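Structure record follows, encoded as structure tokens.
Counting begins at 1 with the first residue of the sequence. Keep in mind it's a predicted model, so treat the numbers as computed, not measured. Side chains included, hydrogens not; waters and symmetry mates left out as well; all remaining heavy atoms used.
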Amino acid sequence: AMGHKDVEIRNASRVKGNDNTLKNYQGTLEGFRKDGIVVMRQKREADLAAWIARDPANVTTYGQVMTTMQKLTVQATATRQRDMVMAWLDRSSPMLTQAVTITRVSVERPKSDVDRESGFQDRDMARITAAVARAQRTIDPGSDRAGLRYFLNEAAKLPPDQRIPAVDAALAASGTTITSEQIEKFLDQLYANTKIQSLDDRNAMLTATTDQLRARNDSMINFATALLPTELAVEAREKATQGAMSRVRPLYMEALRGMSGGRLYPDANGTLRVTFGKVEGYAPRDAVAYTPQTTVEGILQKDRGEGEFESPKPLLEAIRTKKFDGYADPRLGSVPVNFLSSCDTTGGNSGSPTLNAKGELCGLLFDGNYEALGSDFVVDPALTRSIHVDAVYMLWVMDAVDGAHNLLREMNLPVHF
């Protein structure tokens, strides 16, 4: 419902998050196509199999590694479509997300703390309670229903061996055979008979036992409860696969290291990392080159007065009047904004401090270039760049635009304006 400011605000972070995810996936797939990542990996596996087969000692140590991993991968991906739809059913509806959390808490609470699922232990309760309260800012039944409708449609299309029993039962109970009508009838009763949108009710539900929840006969809770067995089955299988993989993967890595003579690019995806590189531009296509630094002039050039290219008036004014005293870079003849580096970073590294060779804070990482989105799989040093905001720009905005002079003084930094 564009134009409804309140609805837009309630959905803003979901829309932005989904946009980011989509952009990341699209860029990764483009990288797969452009860099031939699948063919590259297949060749590496063939080379590895040949390397293992050449030496009887290697056959003894690594002989079963690749067939074991292959078998585990086949098991893990057998219900890939269903597992994907399950995950998104939850995410598509903030109200259902709340119902699933509340239901799960009631199931985990009677267990001793050590036996509970990670994320539902005593130490997690403060975070869960805060998230239940925070959800009030994002719940909007109308857009909630639209999101859930989309993934109920996807669930209805799943192949016969990958069905979600709770969804099938809910749609069958509607008394009609036309899928679109089944979904609307189910959604009508789902949103008419729930109190999940009320913070007081959610807080009460959060402390309820499973029996007390059942007695409420809340439609969202009932649906979450019906989905739970499938969710638990998916979780159990994922744990079993990960456990088996964590036994065999170190051997696989050891074999790869052996084949490459010890040199192997480290996979730090999803870990805390320290990475290094230098400030450096790149050329993505023929006759196109990106310089490593941008300046405040670029902000003026891009400003269209709307959407993400609508900069605050005081910022534009400070750039127009060249209010640069003490911050202009003599080589750029202006105030720097962002810079590119050859650091290898990934999702989750945003906000990391960027240090120069002297260990001084010179920026903050906030993105990677579009061409580097496949770098979780293969790193092309010519194209993989991280994007950092320059500390000089942050200080200039604090001083010349926002007038945050007390903060600058607190950090023992000069105040120019």
Side-chain angles (χ1 to χ4, degrees), residues 2-3 5-6 8-9 11-13 15-17 19-20 23 27 277-285 287-343 345 349-358 360-372 383 385-417:
M2 295 309 282
K5 212 64 194 155
D6 180 54
E8 276 186 50
I9 290 166
N11 284 290
S13 66
V15 170
K16 219 178 205 92
D19 276 349
N20 274 342
K23 188 175 135 193
K278 53 183 193 283
V279 174
E280 198 177 349
Y282 72 106
R285 301 182 290 288
V288 174
Y290 290 143
T291 58
Q293 281 178 288
T294 59
T295 65
V296 288
E297 274 70 26
I299 296 174
L300 275 186
Q301 289 163 11
K302 285 181 181 158
D303 193 84
R304 287 202 306 268
E306 59 180 22
E308 54 193 348
F309 294 109
E310 181 182 13
S311 294
K313 297 283 179 285
L315 174 64
L316 297 173
E317 194 47 37
I319 300 168
R320 277 193 198 101
T321 57
K322 297 202 183 302
K323 198 172 166 186
F324 299 160
D325 288 4
Y327 295 96
D329 180 310
R331 275 180 306 181
L332 293 172
S334 181
V335 177
V337 179
N338 295 327
F339 61 90
L340 293 171
S341 81
S342 56
C343 294
T345 55
N349 292 144
S350 294
S352 298
T354 308
L355 309 179
N356 64 15
K358 300 177 191 160
E360 298 161 330
L361 180 71
C362 62
L364 291 176
L365 169 90
F366 70 93
D367 209 347
N369 60 325
Y370 191 71
E371 292 81 5
L383 291 179
R385 295 292 179 268
S386 290
I387 310 173
H388 314 251
V389 60
D390 199 309
V392 174
Y393 178 68
M394 295 190 256
L395 295 173
W396 174 74
V397 169
M398 288 170 74
D399 192 354
V401 183
D402 290 339
H405 299 136
N406 288 340
L407 286 175
L408 291 168
R409 289 190 189 101
E410 231 175 81
M411 294 187 279
N412 293 322
L413 292 165
V415 172
H416 294 275
F417 297 100

Legend entry - Inter-residue atom distance Met398.CE - Leu407.CG, 0.5 Å rounding: 4.5 Å

Legend entry - Validation row: Arg385, Ser341 side chains within 4.5 angstrom (heavy atoms): no

Inset, instruction - Locate the shortest heavy-atom distance separating Leu365 from His388; write the atom from each residue and the value. - result: CA-ND1, 3.8 Å

Inset, instruction - Say whether Thr345 and Ser386, considering side chains only, have a donor N or O and an acceptor N or O under 3.5 Å apart. - result: yes

Inset, instruction - Would you indicate whether the side-chain heavy atoms of Leu316 and Leu300 approach each other to under 4.5 Å? - result: yes

Legend entry - For Trp396 against Ala318, the heavy-atom pair lying closest together: CZ2-CB, 3.7 Å

Legend entry - Working for side chain to side chain contact (heavy atoms under 4.5 Å, CB included), residues Glu360 and Leu355: CA-CA 5 Å; Glu360 298 161 330; Leu355 309 179; over 6 Å; no

Legend entry - Straight-line distance of Tyr327 OH to Tyr393 OH, nearest 0.5 Å: 13.0 Å

Inset, instruction - Using the six-membered ring wherever Trp is involved, compare the ring planes of Tyr290 and Tyr282 and label them parallel, tilted or perpendicular (cut-offs 30° and 60°). - result: perpendicular

Inset, instruction - Considering non-hydrogen atoms only, spot the tightest contact between Leu364 and Gly351 and give its length. - result: CD2-O, 3.7 Å

Legend entry - Expected output: side-chain Asp390 to main-chain Asn338 donor-acceptor under 3.5 Å: no

Inset, instruction - Write down the atom of Ser350, the atom of Phe366, and the distance for their closest heavy-atom approach. - result: OG-O, 3.4 Å

Inset, instruction - Please identify each residue that fulfils salt bridge (charged side-chain N to carboxylate O under 4.0 Å, His left out) with Glu297, with sequence neighbours left out. - result: Lys322

Inset, instruction - Please determine if Lys323 forms a cation-pi arrangement with Phe417, meaning its NZ or CZ atom is less than 6.0 Å from the six-membered ring centre and no more than 45° off the ring axis. - result: yes

Legend entry - pair Glu280-Pro292: side-chain heavy atoms closer than 4.5 Å: no

Inset, instruction - Measure across Arg285 and Glu371 and return the closest heavy-atom pair with its distance rounded to 0.1 Å. - result: NH1-OE2, 4.4 Å

Sequence neighbours left out, cut at 3.5 Å: what donor-acceptor pairs do the side chains of residues 301-310 make with other protein atoms?
from: Asp303; atom 1: OD1; to: Ser311; atom 2: N; distance (Å): 2.7
from: Asp303; atom 1: OD2; to: Gly305; atom 2: N; distance (Å): 3.3

Inset, instruction - With the side chain counted from C-beta on, respond yes when Val335 and Thr295 share a heavy-atom pair under 4.5 Å apart, and no when they do not. - result: no

Legend entry - For the student: nearest non-hydrogen atoms of Ala391 and Leu361, plus distance: CB-O, 4.0 Å

Legend entry - Residues forming a side chain to side chain contact (heavy atoms under 4.5 Å, CB included) with Val415, sequence neighbours excluded: Asp399, His405, Leu408, Arg409

Inset, instruction - Decide yes or no for Phe324 and Val296: does some side-chain heavy atom of the first lie under 4.5 Å from some side-chain heavy atom of the second? - result: yes

Inset, instruction - Evaluate the side chain to side chain contact (heavy atoms under 4.5 Å, CB included) criterion for residues Ile299 and Ile319: first the C-alpha distance (whole Å), next the side-chain angles of each, then the deciding distance (0.1 Å), finally the verdict. - result: CA-CA 9 Å; Ile299 296 174; Ile319 300 168; 3.9 Å; yes

Legend entry - Expected output: side-chain Asn11 to main-chain Val15 donor-acceptor under 3.5 Å: no

Legend entry - Check: Arg331 main-chain N/O paired with Asp329 side-chain donor or acceptor under 3.5 Å: yes

